[in-house]
Amino acid sequence: MYPFTYTKAADTREALSAGRHGGRYIAGGTTLVDLMRETVEHPGSLVDISPLPLGEIVVTKSGGLRIGALVRMSEAAAHRGVRALYPVISQALELSASAQLRNMATIGGNIMQRTRCTYFRDVTADCNKREPGAGCAALHGYNRGHAILGTSDRCVATHPSDVAVAFAALEATVHLLGPDGARSLPFADFLLRPGSTPHREQALRPGELITAVEVPAHPRPLKSGYLKVRDRQSYEFALTSAAVALHVGGGVIREAKVAAGGVGTVPWRLPAVERHLIGERPSDGLWAEAAEQATDGARPLRHNGFKVELLKRTVERQLRTVGGTQ
Amino acid sequence: MSTERPEPALTPPADPPASSSAPSRRAFIATSTAIGGTVVAGGLVAGPPPLGAEAAVAAEAAPGSRVSLTVNGVRHTVTIDNRTSLLDLLRERLGLTGAKKGCNAGACGACTVLVDGRRVNSCLTLAVRLESAEVTTVEGLEKGDRLHPLQQAFIDQDAFQCGFCTPGQIVSGVACIQEGHTGSPEEIREWMSGNLCRCGCYVKIERAIEQAAGRK
Ligand SMILES: Cc1cc2nc3c(=O)[nH]c(=O)nc-3n(C[C@H](O)[C@H](O)[C@H](O)COP(=O)(O)OP(=O)(O)OC[C@H]3O[C@@H](n4cnc5c(N)ncnc54)[C@H](O)[C@@H]3O)c2cc1C
Ligand code: SF4
Ligand code: FES
Ligand code: FES
């Protein structure tokens, strides 16, 4: 690890001022400290944002949820409002990492976490994300865990977050505060696909701080849940995952929000699956047909072709779990 | 109650009882840490070259800070290199070698301790952030001569082989019980999945936690 200076920001103004001068924010530290130790990251100064008043979960007037950036994963997962309104969020969180890590890691840090691509973490390997222009060792290397959707010839790494998949499905908003004031971004615009600039991962401006993630109220109550498929039963990143939220009224599906994890360079919304469901009556046949649309545009690599079929089955099973059978 | 203790001298902490006049492994490590700069600077020279402006702070004196925290009821004030993890502070400076360094990357749980009552991975915790924190390690669990019920349960159930993961398992298990995640063997397994055991003692670890939780 390279040396760094350390300051604890007393308040938001102090944090933003340090951020503007190149300070790097540290929240739970579970991504940052790990990558600094691997010398993948080497900030010259750390700004501890833990004293900032961003640790609250508020049920908004309209019935949505505003989750402060410094809310810990364990706190968000256990929160009554979260569990009642959006089980998909608490399930995605409780299926993430470990109890210890969830006690440290924050919601803001979670959506900022970096890929687990082993070449990215190995500073002796070629990696465009770590070093623009260096090449991508995964493209022709061992790429079993890599993405099949949203890839480019520069980078095929997945975004590893689970809760981000739920946020993508639920059309969350990311609230930001920067030197030029506050702004908000739809979750879908917050995380960037690699394209020709895989080192740019979020639409954050320099020194900008995430203050909260807001999940809107949905006009019709949603039944929701998260399914994660992995190489071992727990404490492992997803091979594939599915966040599903449905509203069934009068025997017909009125709303469908579906996104997949473990397969995309960003959490992958599945609009074709959603369209297939709207206006239909739940049935085993329907879930299977809809899930067929999950892999539209998939481009498997040498070692991850299995994810195509696995993703369809993951989506089908989670549609059935949430939507039931008739 | 917490007793004040001055910054520990940089001499070998808590020597193991064994040994002759030859320096023990722990004493050697502690001494090399004391020479400190040498070891760290050596690592830096061997590593990739300094990285321009961002890491320009590098070179001579690595930035450090002073921090006061309570460990197992004893207050310590230490001056540390900002890079020091809580795990290294405990093991190399305070002589508390219960928490173990397995992966040093959040992936095994051997380093689990409680910070302000919550279980965390001490390898990913920067010690400099812990001003006024209360830390409990496996060494802080027993009351006088009495083992913590979970420590006793690990013995009763024979829940270890090599023992390397055990301190982390026990601290994590204490938190798991406090959190109330002991409703079934499956629940215990899920909520203890952050602690790996390479000897594969999972069945007995789960039983030990059931025993201490009062389910058996
Ligand atoms: C062994 C292991 C297993 C894991 N398994 C999973 C898993 O299964 N699923 C999953 O989803 N995740 C998993 N994780 C990742 C974990 O969830 C993330 O490391 C964590 O959520 C990051 O949050 P943090 O608060 O610790 O972030 P930090 O490490 O503090 O910060 C991460 C990044 O975000 C920036 N940042 C943090 N907060 C803000 C803010 N408010 N505004 C602007 N920038 C900010 C920091 O500057 C840094 O660049 C795992 C991690 C480990 C180590
Ligand atoms: S897939 Fe992306 S992160 Fe992995 S080596 Fe290639 S460029 Fe780097
Ligand atoms: S040493 Fe900390 S989790 Fe492995
Ligand atoms: S007892 Fe050997 S690693 Fe668990």
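Letters go in sequence order (proteins before strands), and every chain restarts at 1.
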Assess whether atom CZ of Arg317(A) is packed by more than 12 heavy atoms of other residues, nucleotides or ligands within 6.0 Å.
no
Take a 6.0 Å sphere around CZ of Arg13(A) and say whether it holds more than 12 heavy atoms from other residues, nucleotides or ligands.
no
If you look at every heavy atom in Leu124(B) and Thr30(A), which pair is closest and at what distance?
CD1-O, 3.7 Å
Determine the option with the most heavy-atom pairs under 4.5 angstrom with chain A, choosing from Glu131(B), Arg189(B), Arg129(B).
Arg129(B)
Among residues 103-110 of chain B, which ones touch chain A with a heavy-atom distance under 4.5 Å?
Asn104(B), Ala105(B), Gly106(B), Ala107(B), Cys108(B), Gly109(B)
First locate atom SG of Cys111(B), then atom CD of Gln100(A), and finally report the distance between them rounded to the nearest 0.5 Å.
8.0 Å
If only atom types and distance count, is the side chain of Asn103(A) paired as donor or acceptor with the main-chain N or O of Arg118(B) below 3.5 Å?
no
Donor-acceptor contact below 3.5 Å, side chain Arg37(A) vs main chain Cys123(B)
yes
Under the side-chain contact (heavy atoms from CB on, under 4.5 Å) criterion, do Val67(B) and Tyr6(A) qualify, and how do the steps go?
CA-CA 12 Å; Val67(B) 60; Tyr6(A) 168 85; over 6 Å; no
Is the backbone N or O of Met1(A) less than 3.5 Å from a side-chain atom of Arg83(B), with the two atoms forming a donor-acceptor pair by type?
yes
With a 4.5 angstrom heavy-atom cut-off, which part of Ile26(A) approaches chain B: side chain, backbone, both or neither?
both
Please report the closest heavy-atom contact between Met104(A) and Asn121(B), naming both atoms and the distance.
SD-N, 3.5 Å
If you tally heavy-atom pairs under 4.5 Å against chain B, which of Ser98(A), Ser74(A), Gly22(A), Ser234(A) wins?
Ser234(A)
If you tally heavy-atom pairs under 4.5 Å against chain A, which of Leu196(B), Asn195(B), Val128(B) wins?
Val128(B)
Proximal to chain A - members of residues 164-171 of chain B, heavy-atom separation under 4.5 Å
none
Would you indicate whether Glu142(B), at its atom CD, is surrounded by more than 12 heavy atoms from other residues, nucleotides or ligands within a distance under 6.0 Å?
yes
For a side-chain contact (heavy atoms from CB on, under 4.5 Å) check, start with the C-alpha distance between Glu94(A) and Trp191(B), then their side-chain angles and the critical distance, and finish with the verdict.
CA-CA 9 Å; Glu94(A) 284 188 350; Trp191(B) 286 84; 3.8 Å; yes
Looking at every heavy atom in both Phe4(A) and Leu126(B), which two are closest together, and how far apart are they?
CZ-CD1, 4.0 Å
